[in-house]
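Below: the structure, in structure tokens.
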Amino acid sequence: MMRQTFALIRIELARLFFSRRWMAGLLIWGVAAKLAADEIAGHVVAAHLGKWSVYDVHAALMNNAFLVCFLMLTTFVLIACDSPARDRETRFAHVMMVRSGGRLQWWVAKIVPMLLASVVFQAGALGACIAVGVYGGGTLSREPSELALGTVKEGASVSTQLFFTPPARDADMLVREIGTSLYLALGFAAIGMGILALTVRYPLSWLPGLAAVGVTLVDRILSWFIHASWYSWVSLPYRLMEAAHSAVVVDDPLPLWSSLLCWTVLLVGSAIGGARMLRDVDV
């Protein structure tokens with residue numbers, strides 16, 4: 001049984017990672033990194049700051065709600081989260097369940113590639129920020145730049161805007177951004193898992209993309225009208241932002257442990273819920 005499950009996982013990994021859909025990922029990484037780099041470079045010039053780092057680009061990108069939620073999250077969902085629905089629409093799921101030995105094995109084989117894809121997607125975003133940052137004139141220094149530290153120069157036309165949480169002066173920016181990438185990978189995986197479970201109940205291949213855009217759009221509209229601190233606790237897109245957990249950037253920061261717990265509960269709960277729902281649906 002385990003051998004069949006591992007064989008099915010390998011098949012699903014090949015189907016996912018050799019898909020032409022990753023071309024959309026490459027495009028979005030480049031667009032998001034370029035927009036973040038332009039924002040950083042323009043602000044550095046206006047604030048009369050010195051050299052900026054390629055890691056500043058990634059830090060700024062990770063705290064841009066439009067880039068993270070509308071562009072990156074939607075693209076990730078379209079790449080990695082509609083496979084169960086597509087397989088059921090084409091009846092391919094029935095064939096694979098018979099070969100793998102059961103529904104649970106098929107479900108596990110869908111989960112594992114999606115989890116790995118969330119890590120790969122964030123690694124690609126970090127790599128794109130480094131590449132675009134170097135091309136745009138950023139340095140590869142792993143020491144925090146003046147922008148990262150929130151330095152304000154005399155005579156600057158604008159004050160230094162905190163795009164992200166200022167690091168400690170002796171921080172390693174590469175390590176910091178890898179940590180941020182892993183955090184966002186967890187958030188994307190949790191949301192992706194919820195969407196996978198949703199497609200068990202509603203096997204429609206267009207549903208994942210609509211769900212990602214819909215949740216983000218509704219959250220943005222509600223945030224315009226609801227300014228109470230409690231809303232930040234229930235807003236999943238807001239929790240994706242690294243700076244949402246910083247008292248330096250926001251007035252009412254979220255505890256990091258609460259977001260880690262939120263993503264873990266959503267991930268595990270959706271995986272279990274999807275497996276239970278799969279027992280009762282017609283494939």
Side-chain angles (χ1 to χ4, degrees), residues 12-43 52-87 110 113-138 140 163-164 174 177-178 180-196 199 204-217 219-220 236-237 240-242:
E12 293 296 336
L13 285 171
R15 292 180 64 195
L16 174 58
F17 286 101
F18 287 98
S19 170
R20 287 179 294 180
R21 294 184 176 202
W22 284 99
M23 296 299 294
L26 290 172
L27 175 62
I28 293 301
W29 292 336
V31 169
K34 182 64 167 61
L35 291 174
D38 288 347
E39 184 179 29
I40 289 291
H43 188 79
W52 51 278
S53 165
V54 297
Y55 306 111
D56 295 340
V57 177
H58 185 259
L61 169 60
M62 294 295 101
N63 285 292
N64 187 308
F66 172 76
L67 298 180
V68 171
C69 299
F70 277 105
L71 294 187
M72 292 178 61
L73 179 60
T74 302
T75 303
F76 168 75
V77 165
L78 291 174
I79 291 173
C81 299
D82 70 340
S83 178
R86 285 189 289 111
D87 282 4
K110 292 297 183 182
M114 188 276 294
L115 296 178
L116 292 177
S118 68
V119 177
V120 171
F121 194 87
Q122 297 305 327
L126 177 57
C129 287
I130 293 174
V132 172
V134 169
Y135 180 79
L140 286 169
F163 297 103
F164 47 88
L174 175 58
E177 294 315 307
I178 289 175
T180 303
S181 295
L182 291 176
Y183 171 78
L184 206 59
L186 175 61
F188 274 35
I191 294 173
M193 191 70 253
I195 291 176
L196 283 183
T199 60
L204 304 169
S205 57
W206 50 264
L207 183 58
L210 180 64
V213 173
V215 168
T216 303
L217 185 60
D219 176 80
R220 178 53 62 89
L236 294 182
L240 289 173
M241 303 295 103
E242 174 269 330

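Remember, predicted model here, so these are calculated numbers, not experimental data. The first residue in the sequence is number 1, and the count goes up from there.
Here the closest non-hydrogen pair linking Asp82 and Ser205 is CB-O, 3.8 Å. For Pro84 against Thr199, the heavy-atom pair with the smallest separation is CB-OG1, 4.0 Å. Smallest separation of non-hydrogen atoms from Cys81 and Phe76: SG-CE2, 4.2 Å. Taking all atoms of both residues into account, the shortest heavy-atom contact from Ile130 to Tyr55 is CD1-CE2, 4.0 Å. Between Pro113 and Leu16, the shortest heavy-atom distance links the atoms O-CD2, 3.4 Å. Counting all heavy atoms, side chain and backbone alike, Phe188 lies closest to Ser118 at CB-CB, 4.4 Å.
The closest side-chain heavy-atom distance from Met72 to Met62 is below 4.5 Å. Two residues are said to be in side-chain contact when any heavy atoms from C-beta on lie closer than 4.5 Å; Val132 and Trp29 fail this criterion. Within the 4.5 Å cutoff, the side chain of Arg15 has heavy atoms near those of the Asp87 side chain. Considering only heavy atoms from C-beta on, Leu240 comes within 4.5 Å of Ile191 through its side chain. Contact check for Arg220 versus Pro237: no side-chain heavy atoms found under the 4.5 Å cut-off. Side-chain contact between Ile79 and Ser19 is absent, with no heavy atoms from C-beta onward closer than 4.5 Å. Val77 places a side-chain heavy atom less than 4.5 Å from the side chain of Leu73. Side-chain atoms of Leu182 and Gln122, non-hydrogen and from C-beta on, never get closer than 4.5 Å to each other.
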Test side chain to side chain contact (heavy atoms under 4.5 Å, CB included) on Tyr183 and Glu242 and set out the steps. CA-CA 8 Å; Tyr183 171 78; Glu242 174 269 330; 5.7 Å; no
Show your working on side chain to side chain contact (heavy atoms under 4.5 Å, CB included) between Leu126 and Ile178 and close with a plain yes or no. CA-CA 8 Å; Leu126 177 57; Ile178 289 175; 4.1 Å; yes
Residue pair Lys34, Val31: steps toward the side chain to side chain contact (heavy atoms under 4.5 Å, CB included) verdict: CA-CA 5 Å; Lys34 182 64 167 61; Val31 169; 5.9 Å; no
Could you check Phe121 against Leu184 for side chain to side chain contact (heavy atoms under 4.5 Å, CB included), going step by step and ending with a plain yes or no? CA-CA 10 Å; Phe121 194 87; Leu184 206 59; over 6 Å; no
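With values rounded to the nearest 0.5 angstrom, Ile195 atom CD1 is found 10.0 Å from Leu210 atom CG. Summarising the geometry, atom CD belonging to Glu39 is positioned 11.5 Å from atom CG belonging to Asp56; distances are rounded to the nearest 0.5 Å. Atoms CD and NZ, from Glu12 and Lys110 in turn, are 3.5 Å apart once rounded to the nearest 0.5 Å. Leu71 CG to Asn64 CG: the interatomic distance, rounded to the nearest 0.5 Å, is 8.5 Å. Of the inter-residue distances, the one linking Met193 atom CE with Leu186 atom CG reads 13.0 Å to the nearest 0.5 angstrom.
Below 30°, between 30° and 60°, or above 60°: for Trp22 and Phe17 the angle between ring planes is below 30°, a parallel geometry.
Checked by atom type and distance alone, the side chain of Thr216 never pairs as donor or acceptor with a backbone atom of Val213 at under 3.5 Å.
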